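Shown next, in structure tokens, is the structure this report addresses.
Note that the coordinates shown come from a computational prediction; the quantities given were computed from them, not determined experimentally. To find a chain, count down the sequence lines: A is the first, B the second, and so on, and within it residues start at 1.
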Amino acid sequence: MKLNERSVAHYATCNSPADHAGFLRKRVERHHHHAHHHHATSYQRRWFVLKGNLLFYFEERESREPVGLVVLEGCTVELCEAAEEFAFAIRFDDAGARAYVLVADGQAAMEAWVKALSRASFDYMRLVVRELEKQLEEACKSLAACHKSPRRSSSSGRKRHLSNPALLPLQEKPAVLENGYSTWGSGGGVPAGSACPDHDGGHMKPPPLPPRRRSATGSATGSPAPGVSPAMPESPVSPETACFSKLHSWYGQEIVALRREWQERQKRGHP
Amino acid sequence: MRYNERELLSLARQPAEKAAEVLMRVPKKGSVLKKRLVKLVVNFLFYFRTDEAEPIGALLLEHCRITKEEENVFSISFIEEPERKYCFECDSEEQCQEWIEALKRASYEFMRRSLIFYRNEIQKMTGKDPLEQYGISEEARFQLGTRKQ
């Protein structure tokens, strides 16, 4: 199978920052390795560079071209029972596939590599991005909800604030951050149940695809202007460059308004 | 450069983000448009002869430029060799635009920029770093303002 190797090698060596890099010793895999247990296993010291879901290795740190590449999709990274200390292995789901056994210089280096490699897959990154996208939409919604709530602007609104579940966390004294924005208390001001969905490191359910991604597979009709999610009028969540300035000014307005509200509330002696 | 071809082949069999039959031309002298099945999986575009199970080739979609060419046609080129273009002719202008959008978002680098953007926005709105719960807030690849592409 052909691969655009020249471009891949260029990506490996260009000045885009690496996600992780360092020397590792790579076990040399021989044919019928398992049958020759009495032969000494040998290791080659290589300079490894992780970029995204691609693990490159070079003969020397200064080498201009990688010797090899490991595509990190469909693999697990685990500590392994090698004779060597600080050894770990990249194993692929595919039955019969070889494992890459790597040896780090020490405990800290090994842990750092295992951590970086475990999270290197495209799918992992995509999960995190989708999760954050969802969180941002929810933060926008609650911001919009606060903004539109009529109780917010009434002077006798204190008690009503306390009884409005959407605003409950606001009764805590907001800590003012360096940039002048206030927090909304532990709940982040987001309506109960929608903040911080339950999951433990990596076992989260992927959120449903937002509408604009569906359009990429040709199933959306009457799709809104690029970058605008139909569920949220005027709340573009796409990070396309065209939207950045619009996004920033939109959020900026909302936050300035909220901050003014909080400051007024504090002046009124709100706890 | 060695690479784990077996795993790439296995990746080519995974469910695709997008797949279609198109006409494709590689940047080689004298090459012509040929009917191919193209399949987008993570940040790779695999291309197959329409009746074969194993891809002829794969394109890693990092540091590439997706360009609209003439009607129904787009191209993929790589930043170090912008004149060497892989051309794809679609059935319709709509299909062409869909592929351009999908391929532009297909890189790991694009996702990284999205993540940094969302992280920053959420942090500004809520005062909380959304990456803390995953224990990855300190990783270099997610830092704001430290990356120059």
Given heavy-atom pairs under 4.5 angstrom as the criterion, report whether the side chain, backbone, both or neither of A/C14 touches chain B. side chain

Are A/Y11 and B/E109 close enough that some pair of their side-chain heavy atoms sits under 4.5 Å apart? yes

Close side-chain approach of B/L59 to A/L3, heavy-atom, < 4.5 Å: no

State, with a plain yes or no, whether a side-chain heavy atom of B/R112 is found less than 4.5 Å away from one of A/D19. yes

Apply side-chain contact (heavy atoms from CB on, under 4.5 Å) to A/K51 and B/E62, showing your working. CA-CA 10 Å; A/K51 282 191 182 183; B/E62 299 293 339; over 6 Å; no

Taking A/V70, A/V8, A/N53, A/L54 one by one, which has the highest count of heavy-atom pairs under 4.5 Å against chain B? A/N53

So which atom in A/V129 and which in B/M111 form the shortest heavy-atom distance, rounded to 0.1 Å? CG2-O, 3.6 Å

Given that the side chain runs from C-beta out, which part of B/E81 has a heavy atom under 4.5 Å from chain A: side chain, backbone, both or neither? side chain

Go through A/E5 and B/R2 one step at a time and tell me if the salt bridge (charged side-chain N to carboxylate O under 4.0 Å, His left out) criterion holds. CA-CA 10 Å; A/E5 285 188 39; B/R2 290 199 293 274; over 6 Å; no

With a 4.5 angstrom heavy-atom cut-off, is it the side chain or the backbone of B/L115 that approaches chain A, or both, or neither? both

What I'd like to find out is whether the side chain of B/Y108 reaches to under 4.5 Å of the side chain of A/M125, using heavy atoms alone. yes

If I take atom OG1 from residue B/T126 and atom CD from residue A/Q135, how far apart are they, to the nearest 0.5 angstrom? 8.0 Å

Run the numbers on A/R126 and B/E17 for side-chain contact (heavy atoms from CB on, under 4.5 Å), then give the verdict. CA-CA 12 Å; A/R126 186 157 48 190; B/E17 174 83 14; 3.2 Å; yes

Report yes if some heavy atom in the side chain of A/F122 is under 4.5 Å from a heavy atom in the side chain of B/V41; otherwise report no. no

Non-hydrogen atoms of A/G68 and B/M1 that approach each other most closely: CA-CG, 3.9 Å

Apply the side-chain hydrogen bond (donor to acceptor under 3.5 Å, both in side chains) test between B/Y118 and each candidate in A/R130, A/E133, A/K134; give the one that qualifies. A/E133

A/M1 side chain near B/E54 side chain, heavy-atom distance below 4.5 Å: no

Under 3.5 Å, is there a donor-acceptor pair between the B/E80 and A/S7 side chains? yes

Got A/F92 and B/R6 here, is their nearest side-chain heavy-atom distance under 4.5 Å? no

Show, in sequence, the C-alpha distance, side-chain angles and deciding distance for B/E7 and A/L72, and conclude whether the side-chain contact (heavy atoms from CB on, under 4.5 Å) test is met. CA-CA 9 Å; B/E7 280 72 45; A/L72 298 168; over 6 Å; no

Taking atom CD of A/E65 as the centre, does the number of heavy atoms from other residues, nucleotides or ligands within less than 6.0 Å exceed 12? no

If I measure from the heavy atoms of chain A, does B/A16 come under 4.5 Å with its side chain, its backbone, both, or neither? neither

Taking everything shown except B/K34 itself, do over 12 heavy atoms lie less than 6.0 Å from its NZ? no

Measure the spacing between CG of B/N4 and CG of A/L55 and express it to the nearest 0.5 Å. 9.5 Å

Side-chain contact, heavy-atom cut-off 4.5 Å: B/Y3 with A/V71? no

Is any side-chain N of the basic residue among A/K2 and B/E5 closer than 4.0 Å to the acidic one's carboxylate O? no

